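Reckoned from all heavy atoms, side chains included, excluding hydrogens, waters and symmetry mates. The chains referred to below are lettered A, B, ... by the order of the sequence lines, with proteins before strands, and numbering in each begins at 1. Being a predicted model, the structure only gives us computed values, none of them experimental.
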There are 2 protein chains.
Amino acid sequence: MSDEADFGHSDVDTEFGRDLLASVREALAHKRGEIELPYRVYETMPATRVKEIRRKVAKSPKEFERRFHIPARTLEGWEQGRRAPDVAARVLLTVIEKDPEAVERALS
Amino acid sequence: MSDEADFGHSDVDTEFGRDLLASVREALAHKRGEIELPYRVYETMPATRVKEIRRKVAKSPKEFERRFHIPARTLEGWEQGRRAPDVAARVLLTVIEKDPEAVERALS
DNA sequence: GAGGCGAATACGTCATTGACGCATTCTACT
DNA sequence: AGTAGAATGCGTCAATGACGTATTCGCCTC
């Protein structure tokens, strides 16, 4: 493999880098039999994905906060790639995307 | 009020202490008009509540992990009061309690 | 009853995140 | 143009997420 991607120097500390590392860890864990993966939300979620989901259900972070109780500032951190949502947040975002009404109903 | 509870010394750093502080902060914020609370999940969630919810939908933390993708170790931290679930986690737990199937559906 | 096995509980640890303050920019709307 | 509300960006720090490891707790089977 001589035509592999050029990773530059400290690219591990980038979104792509984290995704890559996460994938490797996951693959190794799986190989070790530590994980019985049926399907999981353990991958990291890119900032673009977060914004995509938010836009799907709310015009602005503020509106999103009103509907789903997630602080707008926190959401913004995710959307801007400053922070990466943790597992619980990723699961919640997934649920919100696929069935926003169910979430609102639970919070009403 | 001479018969108030005996708080001991550093009780602020206890579950009760945190609940209390959270309530006070919330009350002040509300008074200041910073919050338009329709209903929120901003309160902290007691360990007992987490365990209650988990039991409602899963026999064990492990099973809960399989169904909802929340690491059993993390859940245990919440159930044992070592850690307090953050807002996103609290919202998710709330949704799981009221409509576990919707969550599973979204994760399938 | 002894031994074994998966799960639960408990404790220590550390990189990361959650959430805030503050400053700046970008929208509408009047 | 001027103002108000929202979004973006950046720095900060207490607190969490998640793991390793050790101990205890059923539950089953020999």
Of all the choices, C/dA19, D/dA6, D/dT8, which nucleotide is nearest to the side chain of A/Lys62 once you look at every atom?
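The listed nucleotide nearest to A/Lys62's side chain is D/dA6.
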Starting the side chain at C-beta, find the nucleotide from D/dG9, D/dT8, D/dC19 nearest to A/Arg73.
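That would be D/dG9.
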What about A/Arg82: does its side chain form a donor-acceptor pair under 3.5 Å with the base of C/dG18?
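Under the 3.5 Å cut-off, the side chain and the base do not form any donor-acceptor pair.
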Rounded distance (Å) that lies between atom [atom2] of [N] and atom [atom1] of [X]:
X	N	atom1	atom2	result
A/Ile70	C/dG18	CD1	P	9 Å
B/Glu65	C/dG6	CD	C1'	14 Å
A/Phe64	D/dA7	CZ	P	13 Å
A/His69	C/dG18	NE2	P	18 Å
A/Asp86	C/dA15	CG	P	18 Å
B/Glu76	D/dT16	CD	P	17 Å
A/Leu93	C/dG18	CG	P	10 Å
A/Arg83	D/dT12	CZ	P	12 Å

Is the shortest side-chain N/O distance from A/Trp78 to OP1 or OP2 of C/dT17 below 4.0 Å?
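Answer is no, no contact under 4.0 Å.
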Look at A/Arg66 and D/dA6 and indicate whether a side-chain polar atom (N or O) is within less than 4.0 Å of OP1 or OP2.
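Answer yes for this pair, as a side-chain N or O of A/Arg66 is under 4.0 Å from OP1 or OP2.
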Would you say that [X] contacts [Y] through its side chain, given a criterion of any heavy-atom pair below 4.5 Å between the two side chains?
X	Y	result
A/Glu79	A/Thr48	no
A/Trp78	A/Leu93	yes
B/Ile70	B/Leu92	yes
A/Phe64	A/Val57	yes
B/Leu75	B/Glu65	no
B/Thr74	A/Val87	no

Hey, is the main chain of A/Gly77 close enough, under 3.5 Å, to the side chain of A/Arg83 for a donor-acceptor pair?
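No, because the side chain of A/Arg83 does not come within donor-acceptor range (under 3.5 Å) of the backbone of A/Gly77.
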Take the C1' atoms of the five end pairs on each side of the helix from C/dG1-D/dC30 to C/dT30-D/dA1, get both axes, and report the angle to 10 degrees.
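Roughly 60°, once rounded to the nearest ten degrees.
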Going by the rule side chain to side chain contact (heavy atoms under 4.5 Å, CB included), which residues pair with B/Glu63 if we only count those two or more places apart in sequence or in a different chain?
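B/Glu63 satisfies side chain to side chain contact (heavy atoms under 4.5 Å, CB included) with B/Ala58, B/Lys59, B/Ser60, B/Arg66, B/Arg67 once adjacent residues are dropped.
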Under 4.0 Å, heavy atom to any atom of DNA chain C: which of residues 50-60 of chain B qualify?
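Residues of residues 50-60 of chain B that come under 4.0 Å of DNA chain C are, in numerical order, B/Lys51, B/Ser60.
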Reading DNA chain C from 5' onward, which residue's closest nucleotide shows up sooner: B/Ala88 or B/Gln80?
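The residue closer to the strand's 5' end, by nearest nucleotide, is B/Gln80.
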Any salt bridge linking A/Glu97 with A/Arg55? Criterion: basic side-chain nitrogen under 4.0 Å from a carboxylate oxygen.
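Looking at A/Arg55 together with A/Glu97, the answer is no, because their closest N to O distance does not fall below 4.0 Å.
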